[in-house]
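This report refers to the structure that appears directly beneath it.
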Amino acid sequence: MFAAKFEYYKVNSVAEALQTLRAHNGAKLMAGGHSLIPLLKLRLARPAALVDISGILDLQGISVDDTTVHIGPLTTHQTIAASEAVARVCPLMAEVAGEIGDPQVRNRGTIGGNVSHADPASDWPTALTALNAQFVIQGTGALHRRVTRTVAAADFFTGALSTSLGEHEILTEIQVPVMNTAQHSAYAKMAHPATFFSVVSAAVVISMSGNRCTQASVVLGGLAPKPVRAASVEEALIGQDLTADNIAAAAAQVSNDLAGEVMGDIYASAEYRRAVAPVEVKHAIYHAAGLAHS
Amino acid sequence: MTTRIFGSGIRRREDPRLITGKATYTDDIKLPGMVYAAILRSPHAHARIRSIDTSAAAAAPGVLAVYTGADVEGVLKPIPCAWVVPNSDVKQVAYPAIAKDVVRYVGDAVAVVVAEDRYQAEDALELISVDYEVLPAVINPEAALGPNAPQLHADAPKNQAFHWVASGGNVDDAFKSAEVVVKDTIVQQKLIPNAMEPRSAVASWLAPMGELTIWNSTQNPHIVRFITCLVTGVPEHKIRIIAPEVGGGFGSKIAVYPWEMIVAFCAMKLGLPVKWTETRTENYVATTHGRDHIERVELAATRSGKITGLRATVYAGMGAYLSTAGPGIPTILHGLMYSGPYAIPNIRADVYGVFTNSTPVEAYRGAGRPEATFLLERMIDLLAVQLNLDPVEVRRRNLIPKFDNGYDVAIGLKYDSGDYQKALDTALTHTSYNRLRQEQQQLRQHGKYMGIGVVCYCEICGLGPSQVAGAVGFGGGLWESAIVRFYATGKVNVFVGTSPHGQGEETTFAQIIADELGVPVDDVEVVHGDTDLTPMGWGTYGSRTTVVGGAAVALSARKIREKGRLLAAHLLEAAEADVEYADGKFFVRGSPDKSKTIQDIALMANVAWNMPQGMEPGLEATTFYDPPNFTFPFGTHIAVVIVDPDNGHIDLTKYVAVDDCGRQINPMVVEGQIHGGVVQGVGQALWEGAVYDQNGQLLTGSMLDYALPRAHLLPDVETLSTTTPSPHNPLGVKGIGETGTIASTPAVYNAVIDALRHLGVTGLEMPLTPEKVWRAIHQQG
Amino acid sequence: MNIQVKVNGKSYQADVEPRMLLVHFLRDVAGLTGTKIGCDTSQCGSCVVLMDGVTVKSCTCLAVHANGSSITTIEGLAQDGKLHAVQEAFWNKHGLQCGYCTAGMILTVTELLQRNPKPTAEQVRQGLKGNICRCTGYQNIVRAALAAAEALGG
């Protein structure tokens, strides 16, 4: 396929990126290009200009302090999947990164590009919501002053292919709380056989004291325009021993959390996705708790 | 015959260029001054073209020309269908290269742009403005035949492309007296072949000589030449078709398409070489599809499970026009195979070919036979359920007993040889079938759904005797040719009319020569795919290349051996009757030291200093081999699946293929064909299917929505074989290119239904997505 | 835009439109047609090349993205006329039929073995997720990858 013409600007700093965005109406940021280039080729996206931010060194890499994993948005999925530090302090991120797409997509695709595109069937929005990640965003305020704001995952994803990122803003960091030793996590997904995007996915982070669940974060992806926090499941889990019956009962609560829009397509209807959501939730809880499967 | 080379899995001789990126596929060709064509395709499944405005496109940067249907009308004749099945009232509707008044499917060509580069051509396509009056469309072949369906062609009432009937025995009596009858409606969903190389054509016109050359991604260059001559009016001897490296076909590169005719037209108009290569999304609408049947089937049997009759009414979608071989597939290659490996005394096939507003349907790996095998194997499983018998037992009670040289089935074919029971037993033993059944029972008690699918198949390939081809309306012969040429240095070229594109005949044909004539395999080079270099031949499809083309190679080699023997007798001053051949040497019987090697003979024949009186110089032989019959490979495949009752997910856990393709020239190549064929058939069962909306828009329009088999979703295929040589084939071979696809779809399907048998589930539509399975388990619609 | 890309050790400089895909640059500008285009949507992996040592789908990468980088295509894998162990293994194990997906497969397996020198068959299958082959059913590609691992001393 053959993209329509566009102007191209390679920038080397966040400031330059913001300036270029402002200067060109309808310009779009591009990092690894794995969300945007397929759309360009199909001529479904036709930005007048592309601002290539892949060379901004400040936006790359992973660092970890006592409380937080700081991830540059240009960090590739592969880098996250292979990071020993991430595997140690936030194993859910390592697990999810290794599940995305295929090796080539992981090599080139970036976490920032992925979350900015906000495809409801992609994996990061679900996982980062479950992890209560924070998104640091820079934009331009009055008198062209740079303005930084921080948005929680729950507020960052606003709908299908839609985020709280403004037209002239750029994501500069993703902050994920370090998991403590009582916390366990897992990601379960029914993948579309062609794209490996999720049809239904569940990200689970639970705290355990012995066999008892003391805290739970359960988020569903794939089936709604944006990640869905399964508050009913969380509530049903907390304070319970993780027995087969309790897990099944808690997972079944997910229907209460899916009162809103559930999407369907020719592969899997909304009805089916609703029906199998508890299955993925259950798989994820089992996996997180280190229990053998029923 | 020695068996040193024949039967050995030597690595392929075509591979060095392929693993180093040095092979040349059509899109890799770049000629001086070459320009690029892009085709504007209808976005509507059915519409009248009110007007087309190409002025903006013609004025766009880099654009050399824009042509529409009005430009090609009268210059390019309609694209002909080449398989007009007799006694079927085939409606040969006009298929214009570029639509002028009406478009009949999403993908029909409306205009072509030629520009200096491909990006410019694509930009200009967007500037063409077409005013369409959208018409209602119909996609379902049974509905298209109905009273209120939109009509595609004025000269094909009720959208009926043809109606073909075949029968043997007395079906109506069989059903009247039947103790048991099982019925089903089977949908063979439309499939998109997805050869990895998209189709491509480069045309070059040498005006002063009136010579047209087309490099073309095709399975049959000689047929392309023949039809190009009919469409363009360029005489056949002035046309050269070259199939360079071809990246898979699976039937989708049999058809002679409008697109290469358009490219030829552009090259002739502009006097410049023109290239067109489809994108994958274009491929999904512009390159032929496969299958697309709705079948209403009944099977009659005795209470003991003996099949007494089979009848089927089939609505076969042809797409909007008849593709090159389209009508022959659901008829000759399908209905005539309803007996499979079973003795069924009464059979009738009633097949309606139907025009629909979709991409034309052609051969797709197996072409008609996968549908026939599926139909039969499905019905037998239903019969087993009805009679509460093990599905293997029902098969066993109906298999044709072993035969070595000819068996007449009721529907009129004569099978060559078969030992179906042995293949079945081999598969059952290898899988420990009884133990599998026990395991299934145990798992079921624990709420786990395991299913076992068993398929016995017999298929028709090695197409085929030309007299039969003529009798069934195929617009050509089905013989094959081979020229074997020895040079003075003892090296050999083999020129063949077949056109392999991944099947490995550059190796297996060299093995035949090495075996027949005792030359090292590396001294043989096989030349194919260029109509100027190779003798006439009908191409590579229908598992015929080794069976028919290989036989031609062997017979040419044997002619050379005989000439060599006579020349050796002369040189050895021995009586002709005393000279024998073995292992590349001609020697006097009883005096093995008095001998001449084949290389000695090749040298002398080429310099011709000392030849017997009356013998021509040269060591070269040509054979046009017309087979006396088709060949009928067979086998048994067993699939095991685990179905997750919670979400309907299917895990294919085991797959065993026992195939009998007669003698194997290269077992490694044979195994590779089985692997690939099986996986392609698994694709139909589990993942693949072209889905259209009511307006005829293809919803599975790219690899994002059309799921192809992937490595991580598949188990290893365990391959075993039995060997029952074809009695009539000079090499004893039968063909292996399609058996995997023929057997694996029903094997996996039957396994999934078997897993759900205890729930009373008797059938589901393919592909078996988790949702469909889940719904069956939970009985929700 | 003027870009400079090193391909198989040789430097190519060209003025390209920003919209040009890397695969078109390799095939049409550098004249290296061993890299193939099989789909439009990043599914099939026929276009896989190594960019600065890691596999990328060159149909989902702009040529301008590759400015200043070093690319290895299938043509650059054999050294001094000697096949790479992965190429050799594909040949020995009949890991290809029509050959169209083969460049992408070989480069993908090459990277896989760099990251995991001794993979299991299952890990190889997972590693081939991004590459579609329509001919082989993948089985002999898996065998080839395992044989190459063996040959490379993994």
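Chain A is the first sequence line, chain B the second, and so forth, proteins listed ahead of strands; every chain is numbered from 1. In this text, all values refer to a predicted model and were calculated from it rather than measured experimentally.
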Separation between [atom1] of [X] and [atom2] of [Y], rounded to the nearest 0.5 Å:
X      : Y      : atom1 : atom2 : value
C:W91  : B:L18  : CH2   : CG    : 11.0 Å
C:I37  : B:T277 : CD1   : OG1   : 8.5 Å
B:L704 : C:C39  : CG    : SG    : 8.0 Å
C:T33  : B:K22  : OG1   : NZ    : 8.5 Å

> Pick one: which of C:L83, C:I74, C:L77, C:V86 meets side chain to side chain contact (heavy atoms under 4.5 Å, CB included) with B:I19?
Replying inline: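 Of the listed options, the one satisfying the test is C:L83.
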
> What do you reckon, is CD of C:E150 surrounded by more than 12 foreign heavy atoms closer than 6.0 Å?
Replying inline: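 No.
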
>> For C:K129, is the NZ atom crowded, meaning more than 12 foreign heavy atoms sit under 6.0 Å from it?
In response: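 Yes, because the 6.0 Å sphere around NZ of C:K129 holds more than 12 heavy atoms from other groups.
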
Does any heavy atom of chain C fall under 4.5 Å from the side chain of [X], the backbone, both, or neither of them?
X      : value
B:D117 : neither
B:T279 : both
B:Y284 : neither
B:V246 : backbone

> Could you walk me through whether C:I132 and B:R710 pass the side chain to side chain contact (heavy atoms under 4.5 Å, CB included) check?
Replying inline: CA-CA 6 Å; C:I132 296 178; B:R710 305 282 191 137; 3.7 Å; yes

[X] side chain to [Y] backbone, donor-acceptor under 3.5 Å:
X      : Y      : result
B:R280 : C:D40  : no
C:Q139 : B:V717 : yes
B:Y25  : C:Y100 : yes
B:K30  : C:D28  : yes

> Salt-bridged, B:E122 to C:R19, with N to O below 4.0 Å?
Replying inline: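 Salt bridge absent between B:E122 and C:R19.
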
>> Under 4.0 Å between a side-chain nitrogen and a carboxylate oxygen: does that hold for C:R134 and B:E197?
In response: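 B:E197 and C:R134: not salt-bridged.
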
By a 4.5 Å heavy-atom criterion (distance strictly below it), what part of [X] contacts chain B: side chain, backbone, both, or neither?
X      : value
C:H24  : side chain
C:L107 : neither
C:M20  : both

>> Under the criterion ring pair (Phe, Tyr, Trp, His ring centres under 6.0 Å), I'd like the reasoning laid out for B:H712 against C:Y138: C-alpha separation, chi angles, the key distance, then a yes or no.
In response: CA-CA 9 Å; B:H712 67 292; C:Y138 305 103; 9.0 Å; no

> Which heavy atom in B:M703 sits nearest to a heavy atom in C:T41, and how many Å separate them?
Replying inline: CB-OG1, 4.1 Å

Return the option, out of [options], with the maximum number of heavy-atom pairs under 4.5 Å with chain C.
options               : answer
B:P16, B:P500, B:G683 : B:P16
B:G672, B:A23, B:G740 : B:G672
B:T24, B:D123, B:V678 : B:D123

> For C:T136 and B:H675, what are the C-alpha separation, side-chain angles and deciding distance, and is it a side chain to side chain contact (heavy atoms under 4.5 Å, CB included)?
Replying inline: CA-CA 6 Å; C:T136 65; B:H675 290 166; 5.9 Å; no

Flag the pair [X] / [Y] as yes when at least one side-chain heavy-atom distance between them is below 4.5 Å, and no otherwise.
X     : Y      : answer
C:C44 : B:M196 : yes
B:D28 : C:K36  : yes
C:H94 : B:R12  : yes

>> Under the criterion salt bridge (charged side-chain N to carboxylate O under 4.0 Å, His left out), I'd like the reasoning laid out for B:D716 against C:R125: C-alpha separation, chi angles, the key distance, then a yes or no.
In response: CA-CA 10 Å; B:D716 274 356; C:R125 285 185 179 274; 2.7 Å; yes

> Will you find, in the side chains of B:Q673 and C:Q97, an N or O donor that is under 3.5 Å from an N or O acceptor?
Replying inline: yes

>> Shorter than 4.5 Å, heavy atoms on both sides: which option in C:L128, C:L96, C:L32 has the most such pairs with chain B?
In response: C:L96

> Given the rule in the side chain to side chain contact (heavy atoms under 4.5 Å, CB included) test, do B:H501 and C:C98 qualify, once you have shown the distances and angles that lead to the verdict?
Replying inline: CA-CA 6 Å; B:H501 43 279; C:C98 84; 5.7 Å; no

